[in-house]
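Heads up: the structure comes next, in structure tokens.
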Amino acid sequence: MKQKNTSALIGAALLMATSAIGPGFLTQTTVFTKSLGASFGFVILVSILIDIGVQLNIWRVIAVSEMRAQDIANKLLPGLGGFISLLIILGGLAFNIGNVAGAGLGLEALFGVNVMTGACISALIAIAVFINKQIGKAMDRFTQLMGAIMILAFIYITLISSPPLGEAVLRTVAPAKIDFVSIITLVGGTVGGYITFAGGHRLIDAGVKGFDALPTVNRSAVMGISVASLVRVCLFLAALGVLSQGLLIDDGNPTASVFRLAAGNFGYRLFGLVMFAASITSIIGSAYTSVSFIKTFSARIAKNENWVIIAFILISTIIFVFVGKPVHLLIIAGAVNGIILPVSLTVMLIAAYKPAIVGVYKQPVILTLIGVIIVVLMSFMSLRVMMDL
């Protein structure tokens, strides 16, 4: 049982982390580093603390209730779970189109294949994971492999770019400027939409639930944020190292530019590997989590879960192939994800105090206070984004 819990702990953490680390995550980190410089370290620090607060609030309630998020929501208010599921699926589908595109771009940089061809190949690889009869183990092992590749690649590119560590540390605790919009954006990109539920639902599927499982849930939640944050910190330092040398990052493909400027043509190939790994794990995480939000509503979907997940991946790929880069769709999806976090977190905060859902469990007051603050901040920023669309 202990070995099973450890495997599920690592698998859930990496599924959440690799779901977060997609094409948008990489581009976002590079762009903010270019605009804020070393002060972006402060933004990362604050967002990490907020991310942990969000993740612990949501995962703990899922664990002690032994229910998925949509079932918890329906228990609070009939129909609410369906509404949240709809938001998750729409946001997950839109972003998955971007993930498919990112995987295609990765294979183009790595092997020189056409982007469309690379996207189709990537979709087939993701589908192969879900065709495996031992889907849980296959998904865990694949995300572990891709996660290890990304971490090693980012550590290498960070070391070779020779970032000004002293300045980065100083500005992390004493920033020259503070950009609250970037903080909210980072939080939404790490634990917004379907991402924070990826690991929580994976633990439920692995049988890690109940009050006794809370220590495992806590470790897994923090591990997931830590892995995603490690990658973000490494990319931040790499981009900062490039900027400190007076080199210009290309706005057209900022992350690829950082890798190329730091390590030449090998760096560009390495970027292709990282982009592919980040994108294909996000495809898997998005598809798995999105379908996990509807399988409790239909016995037929639950019975054929793997095939529904495969259909989700195929639909994302077909839309990309025929529509191309869905820029406007991704912008709308960003706004939807911004709405999902405060709505879903509010549901979990209320559910944490409902004995019919969590029994005798008492949510730590500090977690609740942190959750309320995050809901207020994210709601405000989401409204601003919606008004600008």
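Quantities reported herein were computed from a predicted structural model and do not represent experimental measurements.
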Using a 6.0 Å cut-off, check whether atom OH of Tyr353 has over 12 heavy atoms from anything other than its own residue. yes
More than 12 heavy atoms of other residues, nucleotides or ligands under 6.0 Å from CZ of Arg269: yes or no? yes
Check whether any side-chain heavy atom of Phe297 sits under 4.5 Å from a side-chain heavy atom of Gln70, and report yes or no. yes
Minimum side-chain heavy-atom gap Arg260-Phe271 below 4.5 Å: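 They are not in side-chain contact.
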Could you grab the distance from atom [atom1] of [X] to atom [atom2] of [Y], nearest 0.5 Å is fine?
{"X": "Ser161", "Y": "Leu159", "atom1": "OG", "atom2": "CG", "result": "8.0 Å"}
{"X": "Leu237", "Y": "Ile157", "atom1": "CG", "atom2": "CD1", "result": "12.5 Å"}
{"X": "Met223", "Y": "Leu230", "atom1": "CE", "atom2": "CG", "result": "12.5 Å"}
{"X": "Met150", "Y": "Ile21", "atom1": "CE", "atom2": "CD1", "result": "4.5 Å"}
{"X": "Ser19", "Y": "Phe95", "atom1": "OG", "atom2": "CZ", "result": "13.0 Å"}
{"X": "Phe276", "Y": "Ser279", "atom1": "CZ", "atom2": "OG", "result": "8.5 Å"}

Would you kindly confirm whether [X] and [Y] end up in one hydrophobic cluster when ILVMFWY residues are joined by side chain heavy atoms under 4.5 Å apart?
{"X": "Phe32", "Y": "Val258", "answer": "no"}
{"X": "Leu9", "Y": "Ile151", "answer": "yes"}
{"X": "Trp59", "Y": "Ile366", "answer": "yes"}

Say whether [X] and [Y], considering side chains only, have a donor N or O and an acceptor N or O under 3.5 Å apart.
{"X": "Arg232", "Y": "Thr190", "value": "yes"}
{"X": "Tyr361", "Y": "Arg60", "value": "yes"}
{"X": "Thr255", "Y": "Thr30", "value": "yes"}

Closest approach of Ala352 and Val61, non-hydrogen atoms and distance?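 Shortest heavy-atom contact: CB-CG2, 3.8 Å.
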Centroid separation under 6.0 Å, is that true for the rings of Phe40 and Phe236? yes
When the aromatic ring centroids of Phe154 and Phe259 are compared, is their separation below 6.0 Å?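 Yes, the ring of Phe154 comes within the 6.0 Å limit of the ring of Phe259, centre to centre.
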Looking at Lys34 and Asp250, does any basic side-chain N land under 4.0 Å from a carboxylate oxygen? no
Are Arg68 and Phe293 in a cation-pi setup, meaning NZ or CZ lies under 6.0 angstrom from the ring centre and within 45 degrees of the ring axis? no
